[in-house]
Every structure is written in C-alpha cells, then in structure tokens.
Amino acid sequence: MTEERNVYSIVTPQIEQLAQLCHKSDIIDSELYTRFDVKRGLRDLNGKGVLTGLTHISKITATKEVNGQTLPEDGELYYRGINVKELIKGSTTENRFAFEEVAYLLLFGQLPNNKELEEFKEALFFYRSLPTGFVRDIIMKAPSKDMMNTLSRSVLTLYSYDDNPDDTSLPNVLRQCMSLIALFPELAIYGYQAYNHYHEGNSLFIHPPRTDLSTAENILYLLRPDSQYTELEAKILDICLILHMEHGGGNNSSFTTHLLSSSLTDTYSVMAAAIGSLKGPRHGGANIKVVRMFEDMENSLSDWTDDDQVREYLEKLLAGEAFDKAGLIYGVGHAVYSKSDPRAQIFKGFVEQMAHEKGFDKEYALYDKVATLAPKIIAEKRKMYKGVSVNVDFYSGFVYKMLGLPLELYTPIFAMARIVGWSAHRMEELANNGKIIRPAYKAIGPDMPYIPMNKRV
C-alpha cells in the first residue's frame, strides 16, 4: 500500500519563487567577512576557535609553542584534567565498564571511590524507569523515520511529566540531567523499535531495562531481539561512549547547551536543542557518511589491497567524482586536531581486535590503508593550514556496523554519550550564574525608504 502524500509537505512553484527572493535578499558578499574581521563559524583561517567562554570540564590540545611559533603535535583530550587515554587504560587494565565512572568525573569534577561510584550507579539505575504509559502513549504514536527527532520529541514531552520542570536550581537540574542520562538509551531504542515495526514491518521488541547492567550492556540488551551480547562487544561500546562523552566545550552542541542555559530556560528545552544540533551531518552524522563511503569504495574497487586503486578512488572523492560528489573524504580531518585525533588512536586497537573476532579483517585492512593514504592525498591536493589525520568518526561507524547496530541509531548513540557532557556544561553555566549569551551581528544593508502601497512596482 502506497502512503498518501501530505500536500502540506510539497514545495510548490510559489514557494520556490519566494525562496529565490530569500536567497537574493540574504546573500552576503564573502569579502565583507574579511573587511569587518568576522570569523565565520567562530574560527579563523588557521582553524583556531574564537574564545567565547571558560570551562573546567574538558580540554583539547593539538599544538605546542616552540620559540614563539605554534606547531602541530599529536592531539590529546582531557576530562577534568585527566587524559582520556589514562581513563581508558585504567578501565581496561582493571577489566570494568567505566561509562558511569567517567560520567561522575565530568559532572562532579573528581573520580569516585568505590562507595561513591556504587551510590551514583544506583541513582542512575533508579532513573531508568519511564513514566507509566509513556512508551505506549508517546513513543509508539506517529513514530518518526529519524531517531534523533524521536529522541528530541520524547525529551520535550518529559517536561509534562515533571512536577518541577522550570526550576533551574542546581539540585533540581542535576536530578533532571541524571534522569536523562539514564533514559536516553530507552528513548532512542524504543523509538527505533517503533519505527522498525510500523514503517519497516518487522517484529516489535520492547525489553524492559535492567538495573544491574552497565549503560553499554543495557543498550545491547534493549536493542537486540534476544538481548544477547558478548563481553567484548559491550566493552568496546563502553569505550566508544566514553570517547564521545565530551569534547572541549566548544563543539556546536555543547555551545548550544551553554547558549540556551544562559537564558534560564528548562532542562528539557536545552537538551532538545542540543539533540537538534548533534543531528546535523556536519556534527553527529559524520560516521554514517564514513560507513556509506566505504560501502561505495568496496563496491567500486576490484582489489581492496591495491594501493593504486585505493589512491585513485580517494582522489576521485576529493575531485567530487565519487560517492556523493561532495569533494570530501569523510572521517579524515578535524577542526582542532592536526597530527592525530587521540580518540581515533585509542579506538584503533580495539577496532582491530573486534574486526578479527567478527571476521572483518579484510575490511579493517582497507580502513587502515585509507587511514594512511588519505592524509597524504589531502595534503597534496588541498592547501592546508594545519596537519590532517583520521578522526574518531572514521572508526566509530565501522564499530557500530560490526556490532550489527542499525544506521538509524548511529547518531542517537552519540547522543547517549554526549548527554553527559551537555549535562556537565549546563550545570557549569548555571553554577556561574553568568549573563545571557548574546553575540553581536553587524548589519550591512543600506537604510531603505518606506514606499506606499500604490507606488510599489
């Protein structure tokens, strides 16, 4: 049965014509940005961000100062002053899931002892319960084809179930944030299950969450029809969540969190806005592009091991002659990192381990080859102001693919991790009780006279 088209979704010729008027009246000469020293995207030509705030929560380093010169170096990422590499090393050496532990660190500024961690985990597990009838009345009704929109709608709806939704005191906001950290996996996965059933015609699985599982384990338990998973699968997903949990504060969605929090709006509105930011393909959707790019590459190459064939394909990507014709090699390059993205470096060894266990050795070898060749080709073909390397999105989509996760959940899983960083930034903005964030825009259009109706052409 063909779905009836919604007439209100059609772009009519009238709308097309009016849109052309918008474009004509809105376009700005790029030279004016230089003349008035406006940093487009809040970044200068060297990719350095315009300073818009201060934070304790996390730090990115990608350069070093030598004799007054700024030189690229291997990137590092710190959560509350602790190198993420050490956090991952500690959890793997001691063989434990660490999402909840690192969440405690980002929220409260210190690593928990055993007692503090257990109490925090118990609190998160307590908040894993959705309001009675929420799945039936909200998630199952009019399921969206986009899980980020579904997640955003569910978050906004939770406002109606909160007895104190607009209270921006720190204790109340912390309660709300901990609840959302606990609920994001259910909201996103149940939304996917509803979509998969009503739009794709597959069986509907709604597993109740377990309060004895880590966040990574709970995600796999909720998603899979049989709720089964291996320890390696859950451990690698746990690492992925930690690496995506926070990133310097200046990223688009974290800045959105600060921006809205400064207006003293409610937590649900703030997080829904952050979700909307993360949904964008320039932010959270990059790993989907990487997976689809590699699928196209694998179908295009007769020999994945041939350096010349791989190089030729990558050159076609840059020339806008392959895949989506965008002129990009997805998963390579970053706004801040130059020589290396520490998240990708950390991830690589675990990805190789999983590829070997699941029989993806040939595909991993292709990823490894692209990781070596792509930065060199970009440096040859493009004028670079800094070094270029593969980023975390280069590997994360491949991991999700090996885990058998649906494409529709790739970006929501990012959100399941980043909700911790957003929560920490919201708390920080409110704790400092700063002014509303109000950036300046310079008006460049000329003053115009009013024309009476009978004299308009």
Side-chain angles (χ1 to χ4, degrees), residues 41 43-49 60-64 66 69-77 84-85 240 243-244 247-248 251 281-283 285-298 300-301 303-352 355 362-399 401:
R43 310 203 77 79
D44 62 22
L45 289 176
N46 294 314
K48 188 175 181 180
I60 299 170
T61 62
T63 59
K64 59 184 176 181
V66 179
Q69 284 187 304
T70 301
L71 301 176
E73 68 173 352
D74 287 325
E76 300 290 355
L77 174 61
V84 170
K85 292 177 182 177
C240 189
L243 293 177
H244 282 91
H247 202 238
N251 62 80
R282 289 181 173 178
H283 193 1
N287 55 19
I288 296 175
K289 284 286 192 179
V290 173
V291 169
R292 288 177 170 158
M293 177 186 75
F294 268 92
E295 288 174 350
D296 184 74
M297 190 186 314
E298 291 161 4
S300 301
L301 304 181
D303 183 359
W304 298 1
T305 65
D306 188 327
D307 282 12
D308 292 335
Q309 284 193 37
V310 175
R311 170 178 277 274
E312 182 181 1
Y313 180 87
L314 295 176
E315 289 175 346
K316 286 182 178 179
L317 280 176
L318 283 183
E321 299 171 357
F323 184 43
D324 62 358
K325 312 296 192 295
L328 298 171
I329 301 178
Y330 292 101
V332 184
H334 190 268
V336 179
Y337 295 123
S338 52
K339 291 182 68 175
S340 65
D341 180 338
R343 301 168 300 171
Q345 286 186 318
I346 294 168
F347 221 5
K348 183 178 179 181
F350 296 104
V351 175
E352 183 177 12
K362 182 181 177 183
E363 195 161 354
Y364 174 79
L366 179 59
Y367 271 77
D368 199 38
K369 191 177 295 295
V370 172
T372 301
L373 291 175
K376 297 176 183 177
I377 294 170
I378 292 173
E380 292 169 4
K381 302 292 183 180
R382 301 268 170 91
K383 183 178 180 181
M384 300 300 298
Y385 294 98
K386 62 182 183 62
V388 63
S389 60
V390 298
N391 58 48
V392 69
D393 293 317
F394 185 81
Y395 290 114
S396 62
F398 184 32
V399 168
K401 179 180 178 180

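Fair warning: this is a prediction, and the values are worked out from it, not measured in the lab.
When every heavy atom of Thr63 is checked against every heavy atom of Glu73, the shortest pair comes out as O-OE2, 3.0 Å. Closest heavy-atom contact between Val310 and Leu373: CG1-CD1, 3.8 Å. Across every non-hydrogen atom of Val332 and Ala374, the tightest pair is CG2-CB, 3.9 Å. When all heavy atoms are compared, the tightest approach of His244 to Ser396 is CE1-CB, 3.8 Å. Taking both residues in full, the closest heavy atoms of Val291 and Phe398 are given as CG2-N, 4.0 Å, listed atom of the first, atom of the second, then distance. In terms of heavy atoms, Asn391 sits closest to Gly333 at ND2-O, 2.6 Å.
Looking only at distances, no side-chain donor or acceptor of Asp393 sits under 3.5 Å from a matching main-chain atom of Gly331. When atom types are taken as modelled, the side chain of Ser340 and the backbone of Asp74 share no donor-acceptor pair closer than 3.5 angstrom. The closest donor-acceptor contact from the side chain of Gln309 to the backbone of Asp303 lies under 3.5 Å.
The structure places NZ of Lys316 at 15.5 Å from CZ of Phe323, a figure rounded to the nearest 0.5 Å. Atom CD of residue Glu363 and atom CE of residue Met297 lie 10.0 Å apart, to the nearest 0.5 angstrom. Taking CE from Met293 and CD from Glu298, the interatomic distance works out to 10.0 Å, rounded to the nearest 0.5 Å. The CD1 atom of Ile60 sits 11.5 Å away from atom CD of Glu76, with the distance rounded to the nearest 0.5 Å. The distance from atom CD of Glu380 to atom CD1 of Ile378, rounded to the nearest 0.5 Å, is 10.5 Å. Within the model, atoms CZ of Phe394 and CZ of Phe347 stand 12.5 Å from one another, a figure rounded to the nearest 0.5 Å.
For NZ of Lys369, the number of neighbouring non-hydrogen atoms (other residues, nucleotides, ligands) closer than 6.0 Å is greater than 12.
Here the side chains of Val399 and Phe350 are not in contact, with every heavy-atom distance at 4.5 Å or above. When side chains are defined from C-beta on, Glu321 does not count as touching Glu315, because their heavy atoms never get closer than 4.5 Å. A heavy-atom distance below 4.5 Å is found between the side chains of Arg343 and Leu77. Looking only at side-chain heavy atoms (C-beta outward), Leu301 and Asp306 stay at 4.5 Å or farther from each other. Between Lys348 and Asp368, some side-chain heavy-atom pair lies under the 4.5 Å cut-off.
By the 4.0 Å N-to-carboxylate-O rule, Arg292 lies too far from Asp324 to be salt-bridged with it.
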Practice prompt. Begin from the C-alpha positions of Ser389 and Asp341 and carry the test side chain to side chain donor-acceptor pair (under 3.5 Å) through to its verdict.
Written response: CA-CA 7 Å; Ser389 60; Asp341 180 338; over 6 Å; no
Worksheet item: Between Val392 and His247, is a side-chain contact (heavy atoms from CB on, under 4.5 Å) present by the stated rule, with each step listed?
Response: CA-CA 11 Å; Val392 69; His247 202 238; over 6 Å; no
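Under the salt bridge (charged side-chain N to carboxylate O under 4.0 Å, His left out) criterion, Glu352 pairs with no residue, sequence neighbours left out. Listed by chain and number, the residues in a side-chain contact (heavy atoms from CB on, under 4.5 Å) with Val290 are Phe294, Tyr330, Tyr367 (sequence neighbours excluded). In this structure Tyr395 satisfies the ring pair (Phe, Tyr, Trp, His ring centres under 6.0 Å) test with no other residue, sequence neighbours excluded.
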